[in-house]
**Q** 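Structure incoming, see below.
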Amino acid sequence: MTVTLRFEDGAVVVDADDLDPTTLPGVERDDRTGSHRAPAHRYREIREALDERGIDLDDRLERAAPLDLSLRYDLRDYQEEALDAWHDNGERGVVELPTGSGKTVLALAAIAELGVPTLVVVPTVDLLEQWRRELESEFDVPVGQFGGGEQRAEALTVATYDSAYLRADDVGGDFGLVVFDEVHHLGGEGYRDIARLFAAPARLGLTATFERPDGAHEVVAELVGPVVFELDADALAGEHLAEYEVRKIEVRLSESEREEYEREQGTFVDYVRDAGITFSSGSDYQELVYRSGSDPRAREALLAKQRAREVMMNADAKLEELARIFERHRGERIIVFTAHTDLVYRLSERFLVPAITSETGAAERREILRRFREGEYTRVVAANVLDEGVDVPDASVGVVISGTGSERQFTQRLGRVLRPGSDGEKRAVLYELVTSETAEERVAARRR
DNA sequence: TTGACTCAACATCCTTTGCTACAA
DNA sequence: TTGTAGGTTTCCATGTTGAGTCA
């Protein structure tokens, strides 16, 4: 008795004469084609089930020859430990390590050890190029690329999440290992299909912030594997990352700002009370948004909330405070983070500091970051662009003028000041400016 | 190759005080 | 008794990105 497995359009197709394929994990009969198939990610389970029953297998999935790769780096203790934990879990799982702690090196080691065709999936074109450079210089083999205007497959290939999704039907059976960089993205409604459509038995997820507020990290754990190793910034501070300190500075609204804030916030709170919305479950806010589609008062309440948020986040007193921080850290490299692009341009004009937002073109962005790296600029102000997925030069001071309640964003911003300087004993500071007696106090509390 | 554009996807967007069912 | 989680759909706005198209 022989069973044949092959890959077709994001699924594993099972051909068998004397065996009922639906007894295998995830396999169902497809009435349209008359074949038996399972989502590609069940491939490994199906193989294991067949092995257990001692059934001969004609496996047509793994095509490319094994790779002979060696790593020139020495791993640090914790990287070694993380890798062992991943092996112990059967080459599946997520490693949670802070920015700058060498997640890439860890993945390179995993790729070298397994020596199977590997796809690395990343969220941005910037990271796409970084990873390709890294793989090429480390392993000295051709590296393929899906995304950023290129579609070329190799035994080692890097892809954006978007392109991985678009190519999955086509190449989902070609890889033995998939590495998901910034794996928390995989929880997105559409992106999670990537993990389902690829057959790769070995999976490694990398992130600094695994948990998602919407709970979708559980889906990720199902598809990639659970967190097998984690360390936070505190555990690495001093030896491998900079010592750091978070300083919260409270500022007050001016009289006119306070008046505007109370008026707008009041409009929102009044509506919420009248409508009987308690925010007892996470979806209550969604409900309010749905209502605003048809109920003008709900819409007005949301818009008022928006304006209130703008007042509290962009308070004038924060600019004065920023001026003092610039004075205190004269000559040091400083990154300023905000939530609104308007404020970025205002700060840029007032302090004569280069600005980066989503409107800044790729060339100009590269140029600003280059000058920042080389010390020509010592300060940069950015909206949310520099939070993730960009290679940002080390800074020793970060200033969060405004941000969301997202723990992820906070961790990422902190990561921007954590990489050790060349002298290895830099002390980093992250300032957090919070407007007192506003909802921002809650927002700031939530992110930590 | 580039730049400008559109489009779709993703992420965040939240108040104070209180009801109900259910698990530990 | 005490704590904890609870079910839905079709979307106010802003910021950011990648893919695709066209000149």
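So you know, we letter chains A, B, ... as the sequences are listed, proteins then strands, and number each from 1. These numbers come from the heavy atoms of this one structure, side chains and all, not from hydrogens, waters or symmetry mates.
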**Q** I need the residues from residues 256-268 of chain A with at least one non-hydrogen atom less than 4.0 Å from DNA chain B; give them sorted by number, or say none.
**A**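 Within this stretch, A/Gln265, A/Phe268 sit under 4.0 Å of the strand.
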**Q** Let me know, please, whether A/Tyr285 or A/Asn384 comes out on the 5' side of the other along DNA chain C by nearest nucleotide.
**A**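 Per heavy-atom nearest nucleotide, the more 5' residue is A/Tyr285.
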**Q** Considering only heavy atoms, which members of residues 189-196 of chain A lie under 4.0 Å from some atom of DNA chain B?
**A**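 Those residues whose heavy atoms fall under 4.0 Å from DNA chain B, taken from residues 189-196 of chain A in numerical order, are A/Glu189, A/Gly190, A/Tyr191.
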**Q** List in chain and number order the residues that pass salt bridge (Lys or Arg N to Asp or Glu O under 4.0 Å) with A/Glu300, two or more places apart in sequence or in another chain; answer none if no residue qualifies.
**A**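 Per chain and number, A/Glu300 pairs via salt bridge (Lys or Arg N to Asp or Glu O under 4.0 Å) with A/Arg307.
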**Q** Not counting sequence neighbours, list each pair that qualifies as a ring-ring contact (aromatic ring centres under 6.0 Å, His included) and has a residue in residues 176-195 of chain A.
**A**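 Pairs touching residues 176-195 of chain A that pass the test: A/Tyr161-A/His185, A/Tyr161-A/Tyr191.
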**Q** Could you note down all residue pairs passing ring-ring contact (aromatic ring centres under 6.0 Å, His included) where residues 294-335 of chain A supplies at least one of them, sequence neighbours left out?
**A**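 Of all non-adjacent pairs touching residues 294-335 of chain A, those that pass ring-ring contact (aromatic ring centres under 6.0 Å, His included) are A/Phe326-A/Phe351, A/His329-A/Tyr431.
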**Q** Name the first nucleotide and the last nucleotide along DNA chain B (5' to 3') that come under 4.0 Å of a heavy atom in chain A.
**A**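 Nucleotide range in contact with chain A: B/dC10 to B/dG18.
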**Q** What residues from residues 357-365 of chain A pass a heavy-atom cutoff of under 4.0 Å to DNA chain B?
**A**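 Residues of residues 357-365 of chain A that come under 4.0 Å of DNA chain B do not exist, since none gets that close.
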**Q** Can you list the residues that meet the salt bridge (Lys or Arg N to Asp or Glu O under 4.0 Å) rule with A/Arg379, with sequence neighbours excluded?
**A**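 Not a single residue meets the salt bridge (Lys or Arg N to Asp or Glu O under 4.0 Å) criterion with A/Arg379.
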**Q** Any carboxylate oxygen within less than 4.0 angstrom of a Lys/Arg side-chain nitrogen, looking at A/Arg366 and A/Glu364?
**A**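 A/Glu364 and A/Arg366: not salt-bridged.
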**Q** Assign the ring pair A/Phe210 / A/His217 to parallel, tilted or perpendicular, where the plane angle (0 to 90°) is split at 30° and 60°.
**A**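 Perpendicular.
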**Q** Looking at A/Phe146, I'd like to know if the NZ or CZ of A/Arg167 sits under 6.0 Å from its six-membered ring centre while staying within 45 degrees of the ring's axis.
**A**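 Pair A/Arg167/A/Phe146 counts as cation-pi.
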**Q** Any strand counts, and the cut-off is 3.5 Å on both contacts for Watson-Crick or G-U wobble. Which nucleotide pairs with B/dA8?
**A**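 With both distances under 3.5 Å, B/dA8 matches C/dT17.
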**Q** Check each residue of residues 335-354 of chain A for a non-hydrogen atom within less than 4.0 Å of any atom in DNA chain B, then write out the ones that pass by number, or none.
**A**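 Listed by number, there are none.
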**Q** Applying side-chain hydrogen bond (donor to acceptor under 3.5 Å, both in side chains), name anything that partners A/Glu129, two or more places apart in sequence or on another chain.
**A**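 For A/Glu129 there are no side-chain hydrogen bond (donor to acceptor under 3.5 Å, both in side chains) partners, ignoring immediate neighbours.
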**Q** Using heavy-atom distances to pick each residue's nearest nucleotide on DNA chain C, tell me which of A/Ile356 and A/Leu302 is more 5'.
**A**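 Going by which nucleotide is closer to the 5' end, it is A/Leu302.
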**Q** What I want to check is whether the side chains of A/Tyr345 and A/Thr357 have a donor and an acceptor closer together than 3.5 Å.
**A**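 Note: A/Tyr345 and A/Thr357 side chains meet the donor-acceptor criterion.
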**Q** Check every nucleotide of DNA chain C for an atom under 4.0 Å from a heavy-atom of chain A, then give the first and the last such nucleotide from 5' to 3'.
**A**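 Under 4.0 Å from chain A, the extent on DNA chain C is C/dG6 to C/dG20.
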**Q** With sequence neighbours left out, write down each residue that passes side-chain hydrogen bond (donor to acceptor under 3.5 Å, both in side chains) with A/Arg132, or none if nothing qualifies.
**A**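 Partners of A/Arg132 under the side-chain hydrogen bond (donor to acceptor under 3.5 Å, both in side chains) test: A/Gln145.
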